[in-house]
Amino acid sequence: MAGKCSRRYERAAWKAGFAHVAGVDEVGRGALFGPVVVVAVILDPARRIVGLDDSKKLSRFRREELAEKIQARALAWAVAESHPDQIEAWNIYQATRRAMEAAVAQLAPAADYVLSDAMPLELNIPCKPLVRGDARSVSIAAASILAKVYRDDLLRRWDREFPQFGLAQHKGYATREHLERLERFGPTPLHRRSFRPVRECLALLHAAEQEPLPF
């Protein structure tokens with residue numbers, strides 16, 4: 001089926017002679033807070049994992065269950081992050097791309113073919129970008145699951161450092177709750193200042209600071 005997550009792209013690469021086919025995906029690209037997290041995974045053709053799919057379709061329990069199996073059975077997996085200061089310096093597209101390339105570079109054994117979730121990468125090996133790849137390729141799905149579990153854990157830890165923002169619930173995305181708390185408390189050093197809601201909040205705070213005192 002065209003819309004089902006499967007090994008068809010991996011099988012095509014294996015048939016063409018590639019031994020280490022990596023899937024790569026990101027989580028957190030649209031968030032207002034924290035890093036974008038990227039994972040690259042090389043699945044073992046001999047150790048299939050049932051149930052791999054786009055991480056957004058899975059419950060937290062199922063993601064964490066699958067993440068354990070991926071880490072135990074994959075030939076290799078690696079994590080890379082682009083932090084808010086890098087996102088500000090490079091823009092979110094370039095920060096995501098660089099993190100994807102960094103994750104692929106860390107794989108051991110090294111990948112000889114890459115399937116990426118929509119993003120064209122500058123690599124010295126073949127790379128096939130797939131739109132909605134996390135719902136089509138099991139390797140990209142595995143990467144999306146590990147990235148989601150990893151980043152969610154980061155946000156739960158940062159929730160203890162910034163409890164006023166509710167990060168454990170919304171994971172840094174632009175929910176109504178997050179926007180209300182951002183307006184109330186102002187951004188933290190880990191908020192992405194070029195993203196519009198954060199930028200507008202900073203502009204309001206700056207304007208308030210410039211107002212003359214009422215006497």
- Task: State, to 0.1 Å, how close A40 and V104 come at their nearest heavy-atom pair, and which atoms those are.
- Result: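 Nearest pair, atom of A40 first, then V104: CB-N, 4.0 Å.
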- Item | Closest contact, heavy atoms only, I49 versus I70 |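 Heavy atoms only, the tightest pair is CD1-CA, 3.7 Å.
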Using a 4.5 Å cut-off on heavy atoms from C-beta on, say whether the side chain of [Y] contacts that of [X].
X: L182; Y: R184; result: no
X: R156; Y: K171; result: yes
X: I145; Y: D53; result: no
X: W14; Y: V21; result: yes

Any donor and acceptor pair, going by atom type alone, linking the side chain of [X] with main-chain N or O of [Y] inside 3.5 Å?
X: E64; Y: V149; answer: no
X: H83; Y: L190; answer: no
X: H20; Y: A110; answer: yes
X: R7; Y: S137; answer: no
X: E26; Y: R29; answer: yes
X: D159; Y: L167; answer: yes
X: R181; Y: G186; answer: no
X: R136; Y: S6; answer: no
X: S144; Y: S55; answer: yes

Might you confirm whether atom [atom1] of [X] has over 12 heavy atoms from other residues, nucleotides or ligands at distances under 6.0 Å?
X: R199; atom1: CZ; answer: yes
X: E183; atom1: CD; answer: no
X: E68; atom1: CD; answer: no

Joint cluster assignment, [X] & [Y], ILVMFWY side-chain distance < 4.5 Å:
X: V114; Y: V27; value: no
X: V138; Y: V24; value: no
X: L121; Y: I87; value: no
X: L123; Y: M119; value: yes
X: L43; Y: L107; value: no

Less than 3.5 Å apart, any donor N or O on the side chain of [X] or [Y] sitting next to an acceptor on the other?
X: S194; Y: E88; value: yes
X: H178; Y: E180; value: no
X: E81; Y: Y150; value: yes

- Pick one: which of D117, D134, D25 meets salt bridge (charged side-chain N to carboxylate O under 4.0 Å, His left out) with K56?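 Going through D117, D134, D25 one by one, the salt bridge (charged side-chain N to carboxylate O under 4.0 Å, His left out) with K56 is satisfied by D134 alone.
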Does a salt bridge link [X] with [Y], judged by any charged N lying under 4.0 Å from a carboxylate O?
X: R97; Y: E101; answer: yes
X: R63; Y: D152; answer: yes
X: R62; Y: E65; answer: yes

- How long is the gap from CG on D112 to CD1 on I42, to the nearest 0.5 Å?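 Between atom CG of D112 and atom CD1 of I42 there are 7.5 Å.
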- For H191, which of F162, W158, F185, F33 qualifies under ring pair (Phe, Tyr, Trp, His ring centres under 6.0 Å)?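 Among F162, W158, F185, F33, the one meeting ring pair (Phe, Tyr, Trp, His ring centres under 6.0 Å) with H191 is F33.
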